[in-house]
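Down below is the structure, laid out as C-alpha coordinates.
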Amino acid sequence: MSHDDHHAVMIPAPGPEFVDHEVPHHFNTPVQEFQAGKLGFWLFLATEILLFGGLFAAYFYFHEVYPETFVLGGKQLDWKMGALNTSVLLLSSWTMVMGVRSAQTSQKRKTLIYLGATVLGAVIFMCIKYMEYSAKNEHGLIEFAHLFDGYNEATGQLPWFTDHDGVMADVPHGHMFFAIYLTMTAIHGIHVIIGAALIVWVMFGTAKGRFHAGYFLPVDLVGLYWHLVDLIWIFLFPLLYLVP
Amino acid sequence: MSDAHDTHAHGHGELDMGHHHVGSTAMFVSVLMALLFLTFITVAVAQFDFGAANMLIAMGIAAMKASLVIAFFMHVKWDTAINKIVFLSSFLFLSLLFIFTLADLFTRRLDNEMHITKSPVDKQWVHPSTLQGGH
(Lines give C-alpha, C1' and ligand atoms only; values in the text may rest on other atoms or scores of the structure.)
Protein backbone atom coordinates (compact mmCIF):
# COMPACT_ATOMS: atom_id res chain seq x y z
CA MET A 1 0.00 0.00 0.00
CA SER A 2 1.46 3.33 -0.99
CA HIS A 3 1.70 6.16 1.48
CA ASP A 4 -0.76 8.20 -0.58
CA ASP A 5 -3.56 5.71 0.14
CA HIS A 6 -3.72 6.90 3.72
CA HIS A 7 -5.92 9.89 4.23
CA ALA A 8 -6.34 10.80 7.90
CA VAL A 9 -9.88 11.40 9.14
CA MET A 10 -9.90 14.57 11.22
CA ILE A 11 -12.51 15.65 13.75
CA PRO A 12 -12.34 19.44 13.77
CA ALA A 13 -11.91 21.33 17.03
CA PRO A 14 -15.06 23.25 18.03
CA GLY A 15 -13.07 26.36 18.98
CA PRO A 16 -9.61 27.92 19.22
CA GLU A 17 -8.99 26.54 22.73
CA PHE A 18 -9.36 22.98 21.39
CA VAL A 19 -7.30 20.85 19.03
CA ASP A 20 -8.46 18.65 16.11
CA HIS A 21 -8.67 14.93 16.71
CA GLU A 22 -7.04 12.70 14.14
CA VAL A 23 -8.81 9.33 13.97
CA PRO A 24 -6.08 6.62 14.20
CA HIS A 25 -5.43 5.01 10.81
CA HIS A 26 -6.70 1.58 11.92
CA PHE A 27 -10.23 3.00 12.20
CA ASN A 28 -12.33 3.91 9.17
CA THR A 29 -14.63 6.39 10.88
CA PRO A 30 -14.86 8.34 14.17
CA VAL A 31 -17.98 6.32 15.05
CA GLN A 32 -16.01 3.10 14.62
CA GLU A 33 -13.22 4.45 16.85
CA PHE A 34 -15.75 5.40 19.53
CA GLN A 35 -17.69 2.12 19.43
CA ALA A 36 -14.55 -0.04 19.39
CA GLY A 37 -13.15 1.84 22.39
CA LYS A 38 -16.39 1.53 24.30
CA LEU A 39 -16.85 -2.18 23.54
CA GLY A 40 -13.29 -2.95 24.61
CA PHE A 41 -13.73 -1.04 27.83
CA TRP A 42 -17.05 -2.73 28.66
CA LEU A 43 -15.31 -6.09 28.20
CA PHE A 44 -12.60 -4.97 30.60
CA LEU A 45 -15.21 -3.81 33.12
CA ALA A 46 -16.91 -7.22 32.82
CA THR A 47 -13.61 -8.83 33.92
CA GLU A 48 -13.45 -6.37 36.83
CA ILE A 49 -16.94 -7.45 37.93
CA LEU A 50 -15.75 -11.06 37.89
CA LEU A 51 -12.53 -10.19 39.77
CA PHE A 52 -14.54 -8.65 42.61
CA GLY A 53 -17.18 -11.36 42.14
CA GLY A 54 -14.70 -13.98 43.36
CA LEU A 55 -14.12 -11.93 46.50
CA PHE A 56 -17.86 -11.47 47.04
CA ALA A 57 -18.34 -15.25 46.63
CA ALA A 58 -15.69 -15.76 49.35
CA TYR A 59 -17.50 -13.25 51.56
CA PHE A 60 -20.89 -14.97 51.16
CA TYR A 61 -19.33 -18.39 51.73
CA PHE A 62 -17.62 -17.50 55.00
CA HIS A 63 -20.48 -15.30 56.13
CA GLU A 64 -22.64 -18.42 55.92
CA VAL A 65 -20.07 -20.57 57.73
CA TYR A 66 -19.24 -18.09 60.54
CA PRO A 67 -22.23 -15.71 60.83
CA GLU A 68 -21.42 -14.66 64.43
CA THR A 69 -17.81 -13.89 63.47
CA PHE A 70 -18.94 -11.65 60.62
CA VAL A 71 -21.56 -9.79 62.67
CA LEU A 72 -19.08 -9.15 65.51
CA GLY A 73 -16.32 -8.27 63.04
CA GLY A 74 -18.58 -5.74 61.34
CA LYS A 75 -19.22 -4.11 64.74
CA GLN A 76 -15.45 -3.44 65.03
CA LEU A 77 -15.67 -1.19 61.98
CA ASP A 78 -16.98 2.37 62.28
CA TRP A 79 -20.13 2.47 60.16
CA LYS A 80 -20.10 6.30 60.31
CA MET A 81 -16.73 6.30 58.53
CA GLY A 82 -18.14 3.82 56.01
CA ALA A 83 -21.28 5.90 55.44
CA LEU A 84 -19.17 9.04 55.06
CA ASN A 85 -16.95 7.31 52.51
CA THR A 86 -20.04 6.02 50.67
CA SER A 87 -21.35 9.59 50.41
CA VAL A 88 -17.93 10.85 49.27
CA LEU A 89 -17.80 8.23 46.50
CA LEU A 90 -21.41 8.90 45.39
CA LEU A 91 -20.68 12.63 45.22
CA SER A 92 -17.47 11.99 43.28
CA SER A 93 -19.42 9.76 40.89
CA TRP A 94 -21.74 12.70 40.28
CA THR A 95 -18.84 15.14 39.69
CA MET A 96 -17.37 12.54 37.30
CA VAL A 97 -20.56 12.23 35.23
CA MET A 98 -20.78 16.04 35.18
CA GLY A 99 -17.15 16.14 34.00
CA VAL A 100 -17.98 13.78 31.13
CA ARG A 101 -21.04 15.90 30.33
CA SER A 102 -18.89 19.06 30.27
CA ALA A 103 -16.42 17.38 27.91
CA GLN A 104 -19.33 16.26 25.67
CA THR A 105 -20.50 19.88 25.47
CA SER A 106 -17.00 21.35 24.92
CA GLN A 107 -16.87 23.20 28.26
CA LYS A 108 -13.18 22.97 29.06
CA ARG A 109 -13.12 24.96 32.30
CA LYS A 110 -16.12 23.10 33.75
CA THR A 111 -14.60 19.75 32.76
CA LEU A 112 -11.41 20.59 34.66
CA ILE A 113 -13.35 21.75 37.74
CA TYR A 114 -15.54 18.63 37.86
CA LEU A 115 -12.63 16.26 37.23
CA GLY A 116 -10.56 18.08 39.88
CA ALA A 117 -13.44 17.68 42.36
CA THR A 118 -13.55 13.96 41.56
CA VAL A 119 -9.83 13.60 42.33
CA LEU A 120 -10.43 15.48 45.59
CA GLY A 121 -13.15 12.93 46.42
CA ALA A 122 -10.65 10.12 45.79
CA VAL A 123 -8.11 11.77 48.11
CA ILE A 124 -10.71 12.26 50.89
CA PHE A 125 -11.82 8.63 50.49
CA MET A 126 -8.26 7.33 50.84
CA CYS A 127 -7.56 9.59 53.87
CA ILE A 128 -10.62 8.19 55.66
CA LYS A 129 -9.59 4.66 54.64
CA TYR A 130 -6.10 5.30 56.06
CA MET A 131 -7.59 6.41 59.40
CA GLU A 132 -9.71 3.25 59.52
CA TYR A 133 -6.76 0.97 58.70
CA SER A 134 -4.67 2.71 61.40
CA ALA A 135 -7.35 1.96 64.02
CA LYS A 136 -7.44 -1.72 63.00
CA ASN A 137 -3.65 -1.81 63.17
CA GLU A 138 -3.64 -0.38 66.72
CA HIS A 139 -6.16 -2.92 67.95
CA GLY A 140 -4.20 -5.83 66.50
CA LEU A 141 -7.02 -6.77 64.15
CA ILE A 142 -4.89 -6.11 61.06
CA GLU A 143 -1.22 -5.57 61.92
CA PHE A 144 0.21 -4.24 58.70
CA ALA A 145 3.85 -4.74 59.75
CA HIS A 146 3.21 -8.49 59.97
CA LEU A 147 0.83 -8.83 57.05
CA PHE A 148 3.15 -11.02 54.97
CA ASP A 149 4.78 -12.97 57.82
CA GLY A 150 2.61 -16.00 57.18
CA TYR A 151 1.01 -18.54 59.46
CA ASN A 152 3.25 -19.57 62.35
CA GLU A 153 3.05 -23.37 62.59
CA ALA A 154 4.91 -23.46 65.92
CA THR A 155 2.65 -21.06 67.81
CA GLY A 156 -0.47 -21.58 65.72
CA GLN A 157 -0.72 -17.82 65.30
CA LEU A 158 -1.39 -15.53 62.40
CA PRO A 159 1.17 -12.78 63.06
CA TRP A 160 -1.10 -10.08 61.67
CA PHE A 161 -4.08 -10.97 63.88
CA THR A 162 -3.28 -10.75 67.60
CA ASP A 163 -6.58 -9.19 68.78
CA HIS A 164 -4.84 -8.13 72.02
CA ASP A 165 -8.04 -6.47 73.31
CA GLY A 166 -9.87 -9.76 72.84
CA VAL A 167 -12.83 -8.15 71.04
CA MET A 168 -13.21 -11.24 68.85
CA ALA A 169 -12.56 -13.72 71.70
CA ASP A 170 -16.09 -15.11 71.79
CA VAL A 171 -16.34 -16.11 68.14
CA PRO A 172 -14.38 -18.66 66.11
CA HIS A 173 -11.84 -17.64 63.49
CA GLY A 174 -12.12 -13.87 64.00
CA HIS A 175 -9.31 -13.35 61.49
CA MET A 176 -11.57 -14.55 58.67
CA PHE A 177 -13.66 -11.39 58.73
CA PHE A 178 -10.63 -9.09 58.81
CA ALA A 179 -8.82 -11.03 56.07
CA ILE A 180 -11.83 -10.60 53.79
CA TYR A 181 -12.36 -6.98 54.88
CA LEU A 182 -8.74 -6.10 54.11
CA THR A 183 -8.57 -7.99 50.81
CA MET A 184 -11.77 -6.46 49.48
CA THR A 185 -11.15 -2.88 50.64
CA ALA A 186 -7.45 -2.92 49.67
CA ILE A 187 -8.16 -4.12 46.12
CA HIS A 188 -10.95 -1.55 45.96
CA GLY A 189 -8.55 1.10 47.32
CA ILE A 190 -6.00 0.26 44.61
CA HIS A 191 -8.78 0.88 42.08
CA VAL A 192 -9.50 4.25 43.72
CA ILE A 193 -5.82 5.23 43.37
CA ILE A 194 -5.61 4.02 39.74
CA GLY A 195 -8.90 5.79 38.96
CA ALA A 196 -7.64 9.07 40.47
CA ALA A 197 -4.40 8.79 38.46
CA LEU A 198 -6.38 8.21 35.26
CA ILE A 199 -8.57 11.23 35.99
CA VAL A 200 -5.45 13.39 36.47
CA TRP A 201 -4.21 12.04 33.11
CA VAL A 202 -7.40 13.06 31.27
CA MET A 203 -7.23 16.44 33.05
CA PHE A 204 -3.90 17.06 31.30
CA GLY A 205 -5.52 16.14 27.97
CA THR A 206 -8.47 18.40 28.77
CA ALA A 207 -6.14 21.31 29.59
CA LYS A 208 -4.48 20.81 26.20
CA GLY A 209 -7.91 21.00 24.54
CA ARG A 210 -7.87 17.42 23.27
CA PHE A 211 -11.39 16.61 24.46
CA HIS A 212 -14.53 18.26 23.10
CA ALA A 213 -17.94 17.47 21.60
CA GLY A 214 -16.28 15.73 18.63
CA TYR A 215 -13.92 13.54 20.69
CA PHE A 216 -14.19 12.74 24.38
CA LEU A 217 -13.66 8.95 24.43
CA PRO A 218 -10.85 8.88 27.07
CA VAL A 219 -12.90 11.05 29.48
CA ASP A 220 -15.89 8.76 28.92
CA LEU A 221 -13.89 5.58 29.56
CA VAL A 222 -12.13 6.90 32.67
CA GLY A 223 -15.59 7.93 33.88
CA LEU A 224 -16.87 4.37 33.43
CA TYR A 225 -13.90 3.08 35.46
CA TRP A 226 -14.64 5.56 38.24
CA HIS A 227 -18.33 4.56 38.34
CA LEU A 228 -17.29 0.90 38.63
CA VAL A 229 -15.23 1.83 41.72
CA ASP A 230 -18.40 3.40 43.15
CA LEU A 231 -20.47 0.38 42.11
CA ILE A 232 -18.24 -2.04 44.05
CA TRP A 233 -18.30 0.18 47.16
CA ILE A 234 -22.13 0.29 47.10
CA PHE A 235 -22.03 -3.45 47.91
CA LEU A 236 -18.97 -3.36 50.19
CA PHE A 237 -20.48 -0.79 52.57
CA PRO A 238 -23.51 -2.79 53.81
CA LEU A 239 -21.66 -6.13 53.69
CA LEU A 240 -18.66 -5.00 55.75
CA TYR A 241 -19.89 -2.17 57.98
CA LEU A 242 -23.51 -3.22 58.58
CA VAL A 243 -23.03 -6.99 58.34
CA PRO A 244 -26.52 -8.39 57.62
CA MET B 1 -14.22 26.45 -1.40
CA SER B 2 -13.85 27.29 2.23
CA ASP B 3 -17.63 27.21 2.65
CA ALA B 4 -17.80 23.73 1.19
CA HIS B 5 -15.09 22.58 3.59
CA ASP B 6 -16.89 24.09 6.58
CA THR B 7 -20.17 22.42 5.61
CA HIS B 8 -18.41 19.08 5.33
CA ALA B 9 -16.70 19.50 8.68
CA HIS B 10 -19.94 20.54 10.35
CA GLY B 11 -21.82 17.64 8.84
CA HIS B 12 -19.15 15.30 10.10
CA GLY B 13 -19.45 16.65 13.62
CA GLU B 14 -23.21 16.15 13.65
CA LEU B 15 -22.78 12.57 12.55
CA ASP B 16 -20.56 11.91 15.57
CA MET B 17 -22.85 13.69 17.99
CA GLY B 18 -25.80 11.67 16.76
CA HIS B 19 -24.41 8.63 18.59
CA HIS B 20 -23.88 10.22 21.98
CA HIS B 21 -26.41 10.96 24.65
CA VAL B 22 -25.81 14.04 26.77
CA GLY B 23 -27.75 13.72 30.02
CA SER B 24 -29.23 16.78 31.70
CA THR B 25 -27.74 18.22 34.89
CA ALA B 26 -31.16 18.02 36.60
CA MET B 27 -31.35 14.29 35.86
CA PHE B 28 -27.86 13.62 37.27
CA VAL B 29 -28.65 15.64 40.40
CA SER B 30 -31.87 13.60 40.88
CA VAL B 31 -29.90 10.35 40.56
CA LEU B 32 -27.35 11.58 43.13
CA MET B 33 -30.14 12.51 45.56
CA ALA B 34 -31.76 9.10 45.09
CA LEU B 35 -28.39 7.39 45.76
CA LEU B 36 -27.77 9.42 48.94
CA PHE B 37 -31.35 8.72 50.12
CA LEU B 38 -30.89 4.98 49.51
CA THR B 39 -27.61 5.12 51.49
CA PHE B 40 -29.61 6.58 54.40
CA ILE B 41 -32.15 3.76 53.98
CA THR B 42 -29.29 1.21 53.96
CA VAL B 43 -28.13 2.46 57.37
CA ALA B 44 -31.70 2.81 58.71
CA VAL B 45 -32.81 -0.75 57.90
CA ALA B 46 -29.58 -2.14 59.41
CA GLN B 47 -30.85 -0.94 62.84
CA PHE B 48 -33.60 -3.58 62.70
CA ASP B 49 -33.27 -7.34 62.75
CA PHE B 50 -35.32 -9.05 60.07
CA GLY B 51 -33.56 -12.37 60.65
CA ALA B 52 -32.75 -14.30 57.50
CA ALA B 53 -34.17 -11.45 55.38
CA ASN B 54 -31.40 -9.04 56.53
CA MET B 55 -29.08 -10.07 53.71
CA LEU B 56 -31.81 -9.99 51.06
CA ILE B 57 -32.96 -6.51 52.13
CA ALA B 58 -29.40 -5.10 52.26
CA MET B 59 -28.51 -6.57 48.87
CA GLY B 60 -31.84 -5.47 47.38
CA ILE B 61 -31.19 -1.83 48.30
CA ALA B 62 -27.58 -2.10 47.07
CA ALA B 63 -28.86 -3.56 43.78
CA MET B 64 -31.23 -0.61 43.39
CA LYS B 65 -28.33 1.82 43.93
CA ALA B 66 -26.14 -0.14 41.52
CA SER B 67 -28.89 -0.06 38.87
CA LEU B 68 -29.08 3.74 39.13
CA VAL B 69 -25.30 4.08 38.75
CA ILE B 70 -25.20 1.66 35.79
CA ALA B 71 -28.23 3.05 33.95
CA PHE B 72 -27.61 6.78 34.38
CA PHE B 73 -24.03 7.54 35.50
CA MET B 74 -22.58 4.87 33.19
CA HIS B 75 -25.05 5.86 30.42
CA VAL B 76 -25.95 2.20 29.85
CA LYS B 77 -29.59 3.22 29.34
CA TRP B 78 -28.53 4.94 26.10
CA ASP B 79 -25.67 2.62 25.12
CA THR B 80 -25.69 0.21 22.18
CA ALA B 81 -27.25 -3.24 22.50
CA ILE B 82 -23.86 -4.99 22.17
CA ASN B 83 -22.36 -2.95 25.04
CA LYS B 84 -25.39 -3.65 27.23
CA ILE B 85 -25.10 -7.39 26.51
CA VAL B 86 -21.35 -7.47 27.17
CA PHE B 87 -21.54 -5.66 30.51
CA LEU B 88 -24.77 -7.12 31.84
CA SER B 89 -23.68 -10.66 30.86
CA SER B 90 -20.91 -10.36 33.49
CA PHE B 91 -23.69 -10.44 36.12
CA LEU B 92 -25.03 -13.62 34.53
CA PHE B 93 -21.64 -15.31 34.93
CA LEU B 94 -21.38 -13.85 38.43
CA SER B 95 -24.68 -15.52 39.34
CA LEU B 96 -23.27 -18.87 38.09
CA LEU B 97 -20.28 -18.39 40.42
CA PHE B 98 -22.57 -17.63 43.37
CA ILE B 99 -25.08 -20.39 42.61
CA PHE B 100 -22.49 -23.17 42.34
CA THR B 101 -20.44 -21.95 45.31
CA LEU B 102 -23.45 -21.64 47.60
CA ALA B 103 -25.03 -24.85 46.26
CA ASP B 104 -21.82 -26.61 47.27
CA LEU B 105 -21.87 -25.06 50.71
CA PHE B 106 -25.50 -25.81 51.47
CA THR B 107 -25.45 -29.40 50.20
CA ARG B 108 -22.11 -30.14 51.90
CA ARG B 109 -23.44 -29.11 55.28
CA LEU B 110 -26.34 -31.52 55.04
CA ASP B 111 -24.33 -34.72 55.08
CA ASN B 112 -21.12 -34.36 57.04
CA GLU B 113 -19.84 -33.18 60.39
CA MET B 114 -19.25 -29.63 59.17
CA HIS B 115 -22.94 -29.15 59.72
CA ILE B 116 -22.14 -29.36 63.42
CA THR B 117 -18.75 -27.63 63.57
CA LYS B 118 -19.84 -24.97 61.03
CA SER B 119 -16.26 -24.94 59.84
CA PRO B 120 -14.75 -26.04 56.53
CA VAL B 121 -11.42 -26.44 58.37
CA ASP B 122 -11.53 -29.35 60.80
CA LYS B 123 -9.31 -27.74 63.44
CA GLN B 124 -9.87 -26.79 67.04
CA TRP B 125 -10.38 -23.05 67.22
CA VAL B 126 -8.08 -21.21 69.68
CA HIS B 127 -8.12 -17.47 70.23
CA PRO B 128 -4.68 -15.94 69.55
CA SER B 129 -4.47 -14.15 72.92
CA THR B 130 -4.50 -17.53 74.72
CA LEU B 131 -1.53 -18.83 72.72
CA GLN B 132 2.05 -18.77 73.94
CA GLY B 133 4.85 -17.16 72.00
CA GLY B 134 4.43 -14.49 69.43
CA HIS B 135 6.02 -12.69 66.61
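- For A/H164, no part lies near chain B; criterion is any non-hydrogen pair under 4.5 Å.
- Proximity of a side-chain donor or acceptor of A/D20 to a complementary backbone N or O of A/A13 within less than 3.5 Å is detected.
- Under a 3.5 Å cut-off, the side chain of B/S89 and the backbone N or O of B/L92 do not form any donor-acceptor pair.
- Both the backbone and the side chain of B/T25 come within less than 4.5 Å of a heavy atom in chain A.
- Between chain B and the options A/Y215, A/F237, A/F235, the largest number of non-hydrogen pairs under 4.5 Å is found for A/F235.
- Sorted by first and then second residue, the salt bridge (Lys or Arg N to Asp or Glu O under 4.0 Å) pairs involving residues 157-168 of chain A (not counting sequence neighbours) form an empty list.
- With a 4.5 Å cut-off on non-hydrogen atoms, A/T86 touches chain B through its side chain but not through its backbone.
- For B/M55, the CE atom is densely surrounded, since the number of other residues' heavy atoms within 6.0 Å is greater than 12.
- Side-chain atoms of A/S106 come within 3.5 Å of backbone N or O of A/A213 as a donor-acceptor pair.
- No more than 12 heavy atoms of other residues, nucleotides or ligands shown are found within 6.0 angstrom of NE2 on A/H139.
- Within the 4.5 angstrom heavy-atom criterion, atoms from both the backbone and the side chain of A/L91 approach chain B.
- Looking at B/V69, only its side chain comes within 4.5 Å of chain A, counting heavy atoms on both sides.
- Both the backbone and the side chain of A/F161 come within contact range of chain B, each with at least one heavy atom under 4.5 Å from a heavy atom of that chain.
- Heavy atoms closer than 4.5 Å to chain B are found in the side chain of A/W79, but not in its backbone.
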Trace of the ring-ring contact (aromatic ring centres under 6.0 Å, His included) decision for A/F178 with A/H173: CA-CA 10 Å; A/F178 293 97; A/H173 304 292; over 10 Å; no

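- With a 4.5 Å cut-off on non-hydrogen atoms, A/T105 touches chain B through its side chain but not through its backbone.
- In this structure, the side chain of A/T118 engages the main chain of A/Y114 through a donor-acceptor pair within 3.5 Å.
- Heavy atoms closer than 4.5 Å to chain B are found in both the backbone and the side chain of A/F56.
- Residue A/F44: no heavy atom, backbone or side chain, is found under 4.5 Å from chain B.
- Here the two rings, on A/F62 and A/F70, have centers that are 6.0 Å apart or farther.
- A/Q76 places a side-chain N or O within donor-acceptor distance of the main-chain N or O of A/L72, the cut-off being under 3.5 Å.
- Contact annotation for B/D49: neither backbone nor side-chain heavy atoms come within less than 4.5 Å of a heavy atom of chain A.
- Highest contact tally toward chain B, considering only A/G223, A/A46, A/A58, is held by A/A46 [criterion: heavy-atom pairs under 4.5 Å].
- Proximity to chain A is limited to the side chain of B/F98, based on heavy atoms less than 4.5 angstrom apart.
- Of the two parts of B/A46, only the side chain, counted from C-beta on, holds a non-hydrogen atom closer than 4.5 Å to a non-hydrogen atom of chain A.
- Residues of residues 31-41 of chain B lying under 4.5 angstrom from chain A, judged on non-hydrogen atoms, are B/L32, B/L35, B/L36, B/T39 by number.
- Annotation: side chain of A/K110 is not in contact with side chain of A/M98 (no heavy-atom distance under 4.5 Å).
- In this structure, the portion of A/H63 lying under 4.5 Å from any heavy atom of chain B is its side chain and not its backbone.
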CA sep, side-chain torsions, deciding dist, call: B/T42, A/I234, side chain to side chain contact (heavy atoms under 4.5 Å, CB included): CA-CA 10 Å; B/T42 303; A/I234 284 172; over 6 Å; no

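- With A/T95 contributing its side chain and A/S92 its backbone, the two residues share a donor-acceptor pair below 3.5 Å.
- Looking at heavy atoms from C-beta onward, B/L96 lies in side-chain contact with B/F100 at the 4.5 angstrom threshold.
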